[in-house]
Engineer: 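Sharing a structure below in structure tokens format, with a few things to ask.
Quantities reported herein were computed from a predicted structural model and do not represent experimental measurements. Lettering follows sequence order; numbering is per chain, from 1.
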Protein chains: 2
Amino acid sequence: MKSFKIPEATIIRLSIYSRYLHRLMQQGITTISSSDIAEKTGATSAQVRKDLAYFGEFGTRGVGYDVESLYDSIAEILGVDKEWKLIIIGAGKLGLALSMYEGFRERGFKNVGIFDVDPIKIGKKAQGIKILHLDQLEEVCEAESPDIAIVAVPGEHAQDIVNRVVESGVRSILNFAPRVLTTPIHVQIRNVDFATNLELLTYNMASEDRR
Amino acid sequence: MKSFKIPEATIIRLSIYSRYLHRLMQQGITTISSSDIAEKTGATSAQVRKDLAYFGEFGTRGVGYDVESLYDSIAEILGVDKEWKLIIIGAGKLGLALSMYEGFRERGFKNVGIFDVDPIKIGKKAQGIKILHLDQLEEVCEAESPDIAIVAVPGEHAQDIVNRVVESGVRSILNFAPRVLTTPIHVQIRNVDFATNLELLTYNMASEDRR
DNA sequence: ACATGTGAACTGCTTCACAGCG
DNA sequence: CGCTGTGAAGCAGTTCACATGT
């Protein structure tokens, strides 16, 4: 496997191609061209080929790609061929929605803990796992060594939670709190920001209206 | 107001700057420098100044920016100084989480309808609004003319829903279903994709592990 | 003196166009 | 002949460094 600096946009598209390939497999389609993948995922055929070219040669000239083997290759690239353990902090509506998200299990993510501070929630079950008190966070991290922490707590508590999970050895964080959080360089964090996404929509509508 | 092609990344950062400025206002801080904004939002000072420069001159040389007036200017740029009506389709955990999201009301978004097909959910209240049957979607759109539709339904129904809201005159869509959806050019769509975000994390962890 | 505003240089992603190969 | 794989060109976003204004 080559080891250049790969654009993040490429990884995002690979994830999208991979989902489309999964659907093709379910439909029993075995071969696909870059231009078909492009059309169905909002990319261009050159883009699809360039993205794949970072990682090797997966197609057959004059023919296209074998759906199943391309799917497997992309899954390996994305690292979803392994099992990753995750914990969810915050058992509000959002935390629970995430704990139930089908895409997680499908992709080999294993939920090993969900935490909250609200005594009403603690002890209840979410998708077969008990909601635990936040006090038990370190204990569970010690026992399970989760790879990923999903932060679904109010903004004002997010940095504290991040500090604690980093201290407990988590390597990756997916943050839903509307805050910019800091982590040590060896811990990666990604933000999913509802307000920012909506504001991109309103910016464009407001721009149109000004024209 | 200048009318160049503005990078999407700039709009995303403006949204983040704006949130930070909001916090500064609450703390009673009145003046701020580009380098301080940069530090707290993960950008660089040149970036902050360039982003603002697309829209005008907002600062005072040798001094910095007035927090409140910069906040107001960015809010106007992003279009959040207006009231936007939104509907939510899907009253699962995610749809309900979104209907309760504080950031919406704060930013002038008004929820004018939440829809589902599950008879158990219909009639119940979410944040003061009744959950309606999906059959009433067109009726409500007719009456309220929502600007934005939030799609929080399973992937296999997402395109149908999008077709219906587009037909009903919605201009902007925020899609949470893990599908690439198509809309006419005059309707913008943004995707919030949990799986892709997680896969970016696993890609990086897998890459590290390969080294 | 100090922080903004900005042209110019740079970096990196995307698109093009065609060579390469089944 | 058709579709992949890929250097080269083009374009867009970021960073630099300094002129500008208070």
Engineer: Mind checking side chain to side chain donor-acceptor pair (under 3.5 Å) for B:T44 and listing every partner two or more places apart, or none if nothing turns up?
Structural biologist: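 With sequence neighbours excluded, B:T44 shows a side chain to side chain donor-acceptor pair (under 3.5 Å) to no residue whatsoever.
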Engineer: May I ask you to verify if any side-chain N or O of B:T60 is less than 4.0 angstrom from the OP1 or OP2 atom of D:dT22?
Structural biologist: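 No, outside the criterion.
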Engineer: What is the distance from CG of B:D51 to C1' of C:dT6, rounded to the nearest Å?
Structural biologist: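 To the nearest whole Å, that distance equals 14 Å.
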Engineer: How close or far is atom C1' of D:dT14 from atom NZ of A:K5, stated in whole angstroms?
Structural biologist: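 Going from A:K5 (NZ) to D:dT14 (C1'), I get 14 Å.
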Engineer: Can you tell me the distance, in whole Å, between the CZ atom of A:F55 and the P atom of D:dT6?
Structural biologist: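 Rounded to the whole Å, the gap is 14 Å.
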Engineer: Considering residues at least two apart in sequence or located in another chain, which fulfil the side-chain contact (heavy atoms from CB on, under 4.5 Å) criterion with B:S73?
Structural biologist: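 If we apply the side-chain contact (heavy atoms from CB on, under 4.5 Å) test to B:S73, skipping adjacent residues, the hits are B:F58.
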Engineer: Go through the steps for A:F104 and A:Y101 under the test ring-ring contact (aromatic ring centres under 6.0 Å, His included), then give the verdict.
Structural biologist: CA-CA 6 Å; A:F104 287 172; A:Y101 183 55; 5.0 Å; yes
Engineer: Starting the side chain at C-beta, find the nucleotide from D:dG5, C:dT14, C:dG5 nearest to A:E57.
Structural biologist: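 Nucleotide nearest to A:E57's side chain: D:dG5.
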Engineer: Are A:D193 and B:R19 within salt-bridge range, i.e. N to O under 4.0 Å?
Structural biologist: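 Yes, this pair counts.
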Engineer: Rounded off to whole Å, could you give me the CG-to-P distance for the B:D66 and C:dA3 pair?
Structural biologist: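 The answer, rounded to whole Å, is 16 Å.
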Engineer: Check the distance between D:dG21's C1' and B:F58's CZ and give it to me in whole angstrom.
Structural biologist: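 My rounded result for the distance is 18 Å.
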Engineer: Show every donor-acceptor pair shorter than 3.5 Å between a side-chain atom in residues 175-186 of chain A and any protein atom, with sequence neighbours excluded, or say none if there are none.
Structural biologist:
| unit_1 | atom_1 | unit_2 | atom_2 | d |
| --- | --- | --- | --- | --- |
| A:N175 | OD1 | A:A177 | N | 2.9 |
| A:N175 | ND2 | A:A177 | O | 2.9 |
| A:N175 | ND2 | A:R179 | O | 3.4 |
| A:N175 | ND2 | A:N191 | OD1 | 2.8 |
| A:T183 | OG1 | A:V187 | O | 3.0 |

Engineer: Mind running a 4.0 Å heavy-atom check of residues 36-50 of chain A against DNA chain D and sending the residues that fall below it, in number order?
Structural biologist: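 DNA chain D contact set from residues 36-50 of chain A: A:R49, A:K50.
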Engineer: Any pair with a residue in residues 154-170 of chain A that passes salt bridge (charged side-chain N to carboxylate O under 4.0 Å, His left out), sequence neighbours left out, goes on the list, sorted by first then second residue, please.
Structural biologist: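 Listed once each, the pairs are A:E138-A:R164.
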Engineer: Which residue pairs pass the side chain to side chain donor-acceptor pair (under 3.5 Å) test with at least one member in residues 79-100 of chain A, sequence neighbours excluded?
Structural biologist: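 The answer is A:K85-A:E144.
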Engineer: OP1 or OP2 of C:dT4 sitting under 4.0 Å from any side-chain N/O of B:S34?
Structural biologist: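 So the side-chain polar atoms of B:S34 do come within 4.0 Å of the phosphate oxygens OP1 or OP2 of C:dT4, strictly under.
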Engineer: Could you tell me how far apart A:E8 (CD) and D:dT14 (P) are, to the nearest whole angstrom?
Structural biologist: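 Computing the A:E8:CD to D:dT14:P distance gives 12 Å.
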Engineer: Under 4.0 Å from OP1 or OP2 of C:dG5: is there any side-chain N or O of B:Y65 that close?
Structural biologist: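 B:Y65 to C:dG5 OP1/OP2: side-chain N or O found under 4.0 Å.
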Engineer: Select one nucleotide: of C:dC13, C:dG5, D:dT4, the one nearest the side-chain heavy atoms of A:R61.
Structural biologist: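 Between C:dC13, C:dG5, D:dT4, the one nearest the side chain of A:R61 would be D:dT4.
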